[in-house]
Q: 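Quick one: structure below, then a few questions.
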2 protein chains.
Amino acid sequence: MEPSAYHHGNLRRVMLDAALQAIGESGPTGWSLRELARRAGVSHTAPTHHFGDKTGLLTAVAAEGFDLFAATLEAAGGDFREVGVAYVRFAVRHRSHFQVMFRPELYRPADPAVAPARARAAAVLSSGGRALSPDPARDRLTTVAAWSMAHGFADLWLSGALADAAEIDPETYARDLITLAFGHLHHPKA
Amino acid sequence: MEPSAYHHGNLRRVMLDAALQAIGESGPTGWSLRELARRAGVSHTAPTHHFGDKTGLLTAVAAEGFDLFAATLEAAGGDFREVGVAYVRFAVRHRSHFQVMFRPELYRPADPAVAPARARAAAVLSSGGRALSPDPARDRLTTVAAWSMAHGFADLWLSGALADAAEIDPETYARDLITLAFGHLHHPKA
DNA sequence: AGTGGAAAGTTTCCACTGGAAAGATAGCGC
DNA sequence: GCGCTATCTTTCCAGTGGAAACTTTCCACT
């Protein structure tokens, strides 16, 4: 585990962390593999062994992201509003992951490390939508509506499009948004 | 105007179109300036004269995008639901523009060709939100709610995250989403 | 009419990138 | 204690964005 001169011992995690930081600083494509390798103190081809290529590194970021994401959503419990808040919280706290996850042209979305975790997250959203839906025929519509609002708010907030982004607490604001749009649908398990 | 051997006569527009096509094929960063220049049949430094650098080209894409965007939203008239539908329509019909516009780290958002057009679009959204808001104190919240939903749906649809994306007509679906979430607020100019 | 820029495009150059190939090192199973 | 294999290095290559210096064309103005 401790870094011998030759075998880093921990390169995979270090590269992932370096990538996450670089993404946070310059966006999902605003950095180079070689720069990360330099930061990690290894040669520029060392990461190849762990990730194959740059796309592989981004795939690993997406995979880790969807895992964390699914866990976050699952932990929010059954209350649908809190699932939406958890969605936004994840985006804000793990913004580097988030900015990769929903940009599938950057990585390999069919990778076996990615697809199951993504499905797990989708299942939480679907079940939340079902709970909120006014009638079964509109389950999907309701899911997409709530998903869109949480996702759109997160994306706008992260991109800085909301001019007052600095002043607001995104989680609190998200809760207010959801209440405004979906509060009237809430018929708590009648 | 006709292409003499030396002076292309039309390079700016041709490069913009080539960029839009490349973005559509490989995302906002999945192409090279040199490749576009080759497609246009000019040397790889010719575009410098029109755009300065690659960021300048993306800035021009964003500027054109926000212009078109503002025009589209303004043309939707006062009906708020139709503004949301127009938002989604723009994203679908001008997806290359859209994918750049909300990724400000890719271009220069403060550019004088960008900022005013963006402000124009924001004004339409704000006024729509105001019309929909249940009370003045919630004007901003309502605007952000509707904006988030339209934006989120557009982004999810474009990214392919909605598994059934192929089957649905995004504009119709957007109208249904807005009705579900905001229909109960509609108090037509009482 | 013809000339002096300015505008538009070219060639050449450089540091940097992602990746391929081949070789060095070191820890681990037996 | 020995070879195997995972990990990391060095070297190499084509492609990239951009700077610099040059060429060609067009247009405004006398």
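No experiment lies behind these values; they were computed from the predicted model shown. We name chains A, B, ... by the order of the sequence lines, and we start the count at 1 in each one.
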Q: So which of residues 25-33 of chain A are in contact with DNA chain D, with a heavy-atom cut-off of under 4.0 Å?
A: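 Close to the strand, none.
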Q: Which residue pairs pass the salt bridge (charged side-chain N to carboxylate O under 4.0 Å, His left out) test with at least one member in residues 40-52 of chain B, sequence neighbours excluded?
A: none
Q: Given atom CE of B:M15 and atom P of C:dG9, what is their separation to the nearest angstrom?
A: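 Atom-to-atom, B:M15 to C:dG9, this comes out as 11 Å.
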Q: Go through the structure and list residues passing salt bridge (charged side-chain N to carboxylate O under 4.0 Å, His left out) with A:D169, not counting sequence neighbours.
A: none
Q: Expressed in angstrom and rounded to an integer, what is the separation of A:E35 atom CD from C:dT17 atom P?
A: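 My rounded result for the distance is 7 Å.
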Q: Return one dot-bracket line describing DNA chain D 5' to 3' (Watson-Crick or G-U wobble pairs, both distances under 3.5 Å; ( ) same strand, [ ] crossing, | another strand, . none).
A: ||||||||||||||||||||||||||||||
Q: What pairs with B:D139 under salt bridge (charged side-chain N to carboxylate O under 4.0 Å, His left out), at least two apart in sequence or on another chain?
A: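 Counting only residues at least two positions away or on another chain, B:D139 forms no salt bridge (charged side-chain N to carboxylate O under 4.0 Å, His left out).
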Q: Mind checking what makes side chain to side chain donor-acceptor pair (under 3.5 Å) contact with A:R95, not counting sequence neighbours?
A: none
Q: In whole Å, I'd like the distance from the CZ atom of A:R34 to the P atom of C:dG18.
A: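 Those two atoms, CZ and P, are 7 Å apart.
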Q: Using the test side-chain contact (heavy atoms from CB on, under 4.5 Å), find all partners of B:A113 that sit at least two apart in sequence or belong to another chain.
A: B:A63, B:D111
Q: Restricting to pairs with a member in residues 47-72 of chain B, which pass salt bridge (charged side-chain N to carboxylate O under 4.0 Å, His left out), not counting sequence neighbours?
A: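 Checked against salt bridge (charged side-chain N to carboxylate O under 4.0 Å, His left out) - neighbours excluded - the pairs reaching residues 47-72 of chain B are B:R13-B:E64, B:D53-B:R108, B:D67-B:R120.
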Q: Report the residues that fulfil side-chain contact (heavy atoms from CB on, under 4.5 Å) with A:Q21, sequence neighbours left out, ordered by chain and then residue number.
A: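 A:Q21 satisfies side-chain contact (heavy atoms from CB on, under 4.5 Å) with A:E25, A:R39 once adjacent residues are dropped.
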Q: List the steps and the verdict of ring-ring contact (aromatic ring centres under 6.0 Å, His included) for A:F98 and A:H151.
A: CA-CA 10 Å; A:F98 189 80; A:H151 186 83; 5.5 Å; yes
Q: Might you work through the side chain to side chain donor-acceptor pair (under 3.5 Å) test for A:W147 and A:Y87, ending with a clear yes or no?
A: CA-CA 9 Å; A:W147 185 9; A:Y87 196 109; 2.8 Å; yes
Q: Just to be sure I understand the geometry, which residues of residues 46-65 of chain B put a non-hydrogen atom under 4.0 Å away from DNA chain D?
A: B:D53, B:K54
Q: Provide, to the nearest angstrom, the distance between the CG atom belonging to B:N10 and the C1' atom belonging to C:dA7.
A: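 Checked: the CG to C1' distance equals 15 Å.
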Q: Name all residues meeting the side-chain contact (heavy atoms from CB on, under 4.5 Å) criterion together with A:V124; count only those two or more places apart in sequence or in a different chain, and write none if there are none.
A: A:L73, A:E74, A:V83
Q: Identify, with sequence neighbours excluded, every residue that meets side-chain contact (heavy atoms from CB on, under 4.5 Å) alongside B:S26.
A: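 With neighbours one apart ignored, the set is empty.
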Q: Send over the distance from A:H44 NE2 to C:dA22 P, rounded to a whole Å.
A: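 So the two atoms are 16 Å apart, to the nearest Å.
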Q: Does D:dT16 have OP1 or OP2 under 4.0 Å away from a side-chain N or O of B:R38?
A: yes
